[in-house]
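Just below is one structure, and these are the notes that go with it.
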Amino acid sequence: MRIVLKILISLLLGIMISTVSAQPTTSPRIANYKMDVSLDVESKKLTGKTFLSWKNTGSTEVDHLLFHMYYNAFRNTESTFFEEGGVPEFLTQNIDENCGWGWTHIQSMQDVYGNDLTASMRYINTDDTNTSDKTVLRVELPNPVPAGGNLTLSFDWIAKIPQTMPRTGYNKEFYFFAQWFPKLGVYETAGMRYATEDGWNCHQYHSSGEYYADFGNYEVSMTAPEDYIIASSGQQVGLEKIGKKKTWHFKVDDVIDFTWSASPHFVKKEDKYKDTDIFIYTYADKQGSNERFLATLKYCMQYLDEVVGPYPYPTITVVDPPIHGMYTGGMEYPTIITTLNFECLPEGIKTPETLIVHEYIHQYFMQMIATHEVEEPWMDEGLTTYFEGRILNSYLGEKSSTINWLGLTVGNREWNRTEFFNEQNPMIASNARKSWQYKHGGYGPISYNKTALWLETMEGMVGVETMDEIFKTYFRQWKFKHPARKDFINIVNEVVARNHPNNFPEGMDWYFEQVLFGTGMCDYAIGSIDNKRPQARRGFFDDLDNCVSEKENNDQYISTVILHRLGEIQLPVVIKVTTSDGSAELYNWDGLERSAEIVLEGSSPIVSAEIDPEYRITLDHNYLNNSLTVEEKLAPARSLSARIITALQHSFELITMLI
């Protein structure tokens, strides 16, 4: 039996490996999966058989493996995922009625030598001491994999599908499978990212952050009831009907994960952008948004093709889940994304466009450029949010890219600023934290919004052309690899120093120290404007016998603008100064000191001053104090707002007295 098993595994993996090697290679293809999976909608279970081919790219032999067992995060309330508050209460209100908890269990595992590895399996903790967490599985190898060698093995597994959990599970007849199968961690070699020696990087499943994996090829066959339709990563390469079931065959190369969805109610729409097939799966009552999805997606694909680099895959699939499947909406996986759409929303609410753009951008940042979202969430969510703003503003208008309804217009940049600065404590942590280390809040506003704001601010300093060169270089050098923040920073420094040798000869390390590793806020303000007549000369000067008393020169002014740096972040700023004759001049301030002044002498007094007149510093916390006007007829907004605030304060004081 052992010999037969060895021959069978070798044959199947030989076919898989030969298929892999016969096609053009664009990624390292370190971990390759061939899976046969069956969906039982009655018992809410998956049964699977996986054939895995893995290459040891390190310099030392590997004597054990680490697997992610994602569905065990939903095994009970004592998993690390649950303890971190990763499951909203409304998702579990009815979970006990039908025992909607989930789990994954490997029933047996064999290597190509016929060794039964099942008995060596044990759960471990890689991040905390929670022994109830069973999301990382260790497997010992009796035949270690030598440096540069290959491992082939097979395992049978079964999973209980959770009900309505974040990103995955089922509700009614809608199923979505994300982070759903036993999946190998990443064996990082010395010098890769932060690794000082070869070793496994395999975190427990945390509520923030998602996944990190090696590139590989996937061949997956999914068997489901005959009336179910499958939406999946990759290309459909076959479909078989056996009795009352159908088996769907999908294949995708050079990706870091595989995701699929199933429902008997899917309606499929097909389209195309260049050589890429576009598929949209939604329910019949939600087809009204399909054209919005398609138009937005095509614009986004074209934009990134030109600004970052080409999308290399033959397909992109959009799943628009039903209302009862909203727990899976707004997610991104290789060649498949989900949106979150409500048909009742007016067209002026741009949620469908926003989600399509955001999730598709992830095909670049975290899929092709496979950063570690769990350890450095800003590198995918922040970069994606930055490009989300650029694309939506270009597509829908800078002032109306988020809302354009009943005369109310809100741009993506304004929305982004609001989400960050309205956070209870936007200085709670830096961008440099791992996803699960935002224990007291701040993960979303800092990883998404703050990153986008400081990238936009950097764009204001170095220009769009330089930013485009940065990202084209980043994509060219790091696609199908695993960069860390130092790799992105190195490219920024190289490009900026080359393009702006006078302003930033050493690059942008000084900037990253503040915005990436720091927690300070940015706030520049006009402190005051003062226009004075030159003081007439009076008194004794050169001649002690002659007391001078000159007349004042009423045609001249000495005008002074006082500038304040109220925040901790130090940036070069531009100040626009306008005088009474209508002329305006721009002045530069390095922004380092807590205060500075601009002094002008002439016949026209200063009537207004404005810091950052083109709003390039989106990190600036308070735009209201950026400008000041002293001419009455210009009615400064600050004066009006001050009167309103004062009136409100008096009102609150009166209410307090009456309580």
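On a predicted model such as this, the values are computed, not experimentally measured, just so you know. Throughout, residue positions are numbered sequentially from 1 according to the sequence presented. Worth knowing before you read on, the calculation uses all heavy atoms, side chains too, and leaves out hydrogens, waters and symmetry mates.
- Cation-pi check for Arg533 over Tyr557 is met; the charged atom lies under 6.0 angstrom from the ring centroid and within 45 degrees of its normal.
- In this structure, CD1 in Ile491 is found 7.5 Å from CH2 in Trp478, a value given to the nearest 0.5 Å.
- Scanning both residues, Tyr364 and Tyr311, for their nearest heavy atoms gives OH-N, 3.4 Å.
- Taken from NZ in Lys479 to OH in Tyr474, the straight-line distance is 14.0 Å, to the nearest 0.5 Å.
- Judged by a 6.0 Å distance limit and a 45° cone about the ring axis, Arg485 is not positioned over the six-membered ring of Phe512.
- Enclosure of atom CH2 in Trp415 is not indicated, since only 12 or fewer non-hydrogen atoms of other residues, nucleotides or ligands lie within 6.0 angstrom.
- Around CZ of Arg292, the count of heavy atoms belonging to other residues, nucleotides or ligands within 6.0 Å exceeds 12.
- The number of heavy-atom neighbours closer than 6.0 Å to CD of Gln477, taken from other residues, nucleotides and ligands shown, is above 12.
- Nearest heavy atom pair, residue Val574 against residue Pro613, reads O-CD, 3.6 Å.
- Side-chain contact check for Tyr386 versus Met458: every heavy-atom pair is 4.5 Å or farther apart.
- Between the side chains of Ser528 and Asp530, not a single donor N or O lies within less than 3.5 Å of an accepting N or O.
- Between Tyr395 and Tyr303, the ring centre distance reaches or exceeds 6.0 Å.
- In this structure, Glu347 places its CD atom where only 12 or fewer heavy-atom neighbours from other residues, nucleotides or ligands lie under 6.0 Å away.
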Glu423 vs Arg417, salt bridge (charged side-chain N to carboxylate O under 4.0 Å, His left out): CA-CA, chis, key distance, verdict = CA-CA 10 Å; Glu423 169 72 2; Arg417 281 174 49 83; over 6 Å; no
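- Sorted by first and then second residue, the pairs that involve residues 500-509 and meet side-chain hydrogen bond (donor to acceptor under 3.5 Å, both in side chains), not counting sequence neighbours, are Thr466-His500, Asn493-Asp509.
- Interatomic distance, CG of Leu304 versus CZ of Phe475, reported as 9.5 Å (0.5 Å rounding).
- Ion pairing between Arg193 and Glu376 holds under the 4.0 Å rule for side-chain N and carboxylate O.
- Of the inter-residue distances, the one linking Asn393 atom CG with Ser400 atom OG reads 8.5 Å to the nearest 0.5 angstrom.
- For Trp405, the CH2 atom sits in a loose shell: 12 or fewer heavy atoms of surrounding residues, nucleotides or ligands are nearer than 6.0 Å.
- Between Phe365 and Phe387, the two ring planes are parallel [angle under 30°; tilted spans 30° to 60°].
- Residue Lys298 places its NZ atom among more than 12 non-hydrogen atoms of other residues, nucleotides or ligands, all under 6.0 Å distant.
- With a 4.5 Å cut-off on side-chain heavy atoms, Thr80 and His206 count as touching.
- The pair Glu456-Arg390 does not count as a salt bridge, with every side-chain nitrogen at least 4.0 angstrom from each carboxylate oxygen.
- Looking at Gln367, Glu381, Glu388 one by one, the single match for side chain to side chain donor-acceptor pair (under 3.5 Å) with His362 turns out to be Glu381.
- A salt bridge links Lys274 and Asp305; the closest N-O separation between the charged side-chain nitrogens and carboxylate oxygens is under 4.0 Å.
- Between Tyr212 and His203, the gap from one ring centroid to the other reaches at least 6.0 Å.
- Looking at Asn404 and Thr409, their side chains never bring a donor and an acceptor atom within 3.5 Å of each other.
- Put simply, the side chain of Phe420 reaches to within 4.5 Å of the side chain of Pro445, judged on heavy atoms.
- Both the sub-6.0 Å distance and the 45° axial angle are not jointly satisfied by Arg413 relative to the ring of Tyr615.
- One distance of note links OG of Ser447 with CD of Glu373; it measures 9.0 Å at 0.5 Å rounding.
- Listed for the Glu469 side chain is no donor-acceptor partner under 3.5 Å among the backbone atoms of Glu465.
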